[in-house]
Asker: 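I'd like to ask some things about the structure below.
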Amino acid sequence: MIPAADALQLLRDGNGRFVANVRSHDSATEARRAEVAAGQEPFAIILGCSDSRVPAEIVFDQGLGDLFVIRVAGNIVAPSQVGSVEFAAERYGTRLVVVLGHSQCGAILATIDELKRPTINQSRNLHSIVDRIRPTIEPLLRTELEQDRDAFVTNAVRANVRSSVSHLRHGSEMLEQLIEKNNLVVVGAEYSLETGVVDFFDV
Ligand SMILES: [Zn+2]
């Protein structure tokens, strides 16, 4: 399995191709499909948001068998997300985990709205997502950021990514051991809907 630093470079290069509109990857071919049907060796695990505008394989210009992708609104970390990361890191030996947030994330916006104007009739399931994001964003409400909605959202998105990264780094005994002994690396990144650029800001 390739080391985390090399995996990170592959993602940076792939995103560069995506931004430059020179997507060269053709690893979704029939031949590649036959190859990966026998087994997979994904070089990176991506925990991203479900947002339709941020498909990991496309923004990183990757194909079949390259990425193990977990998508959930707000790229939150609940037990099943930890379990998915544990599974891939342990089973396939993947060394890099990326938490991929993005600008204008609907889950973040919904949480901000909820903090300012709590709704009573929100579904319990939806609430479970907002409740995971809320503790990270709440402290920002009492800062000067509150006067500037755009800056507030930007900071909230990044704080939420950092929180998920921290949760993966410290919230699982198995992942802690893989970080210590197998050089597993967990990093945080933000995708810009406007430019297509992925900024790895927490590495
Ligand atoms: Zn989102």
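Excluded from the calculations below are hydrogen atoms, water molecules and symmetry mates; all remaining heavy atoms, backbone and side chain alike, are included. First listed ligand is number 1; within each ligand, the first listed atom is number 1.
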Asker: After noting the C-alpha distance and the side-chain angles of Glu190 and Ser103, does the key distance pass the side chain to side chain donor-acceptor pair (under 3.5 Å) rule?
Answerer: CA-CA 7 Å; Glu190 182 190 1; Ser103 58; 5.0 Å; no
Asker: Honestly, is Arg158 close enough over Phe201, meaning NZ or CZ under 6.0 Å from the six-membered ring centre and within 45° of the axis?
Answerer: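 Yes, Arg158 and Phe201 form such a contact.
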Asker: What is the number of protein N, O or S atoms that sit under 2.8 Å away from the Zn ion (ligand 1)?
Answerer: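 Atoms of protein N, O or S type lying less than 2.8 Å from the Zn ion (ligand 1) total 3.
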Asker: What side-chain donor-acceptor pairs closer than 3.5 Å can you find for residues 165-181, not counting sequence neighbours?
Answerer:
residue: Arg169; atom: NE; partner: Val186; partner atom: O; Å: 3.2
residue: Arg169; atom: NH2; partner: Val186; partner atom: O; Å: 2.7
residue: Ser172; atom: OG; partner: Glu86; partner atom: OE2; Å: 2.6
residue: Ser172; atom: OG; partner: Met174; partner atom: N; Å: 3.3
residue: Ser172; atom: OG; partner: Leu175; partner atom: N; Å: 3.0

Asker: Between Asp131 and Arg134, is there a salt bridge with N-O shorter than 4.0 Å?
Answerer: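 Yes, this pair counts.
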Asker: Roughly how far, to the nearest 0.5 Å, is the CG atom of Asp150 from the CG atom of Leu145?
Answerer: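 Answer for the CG-CG pair, Leu145 versus Asp150, is 11.5 Å.
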Asker: Looking at Arg32 and Asp66, is any side-chain nitrogen of the basic one under 4.0 Å from a carboxylate oxygen of the acidic one?
Answerer: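 Salt bridge present between Asp66 and Arg32.
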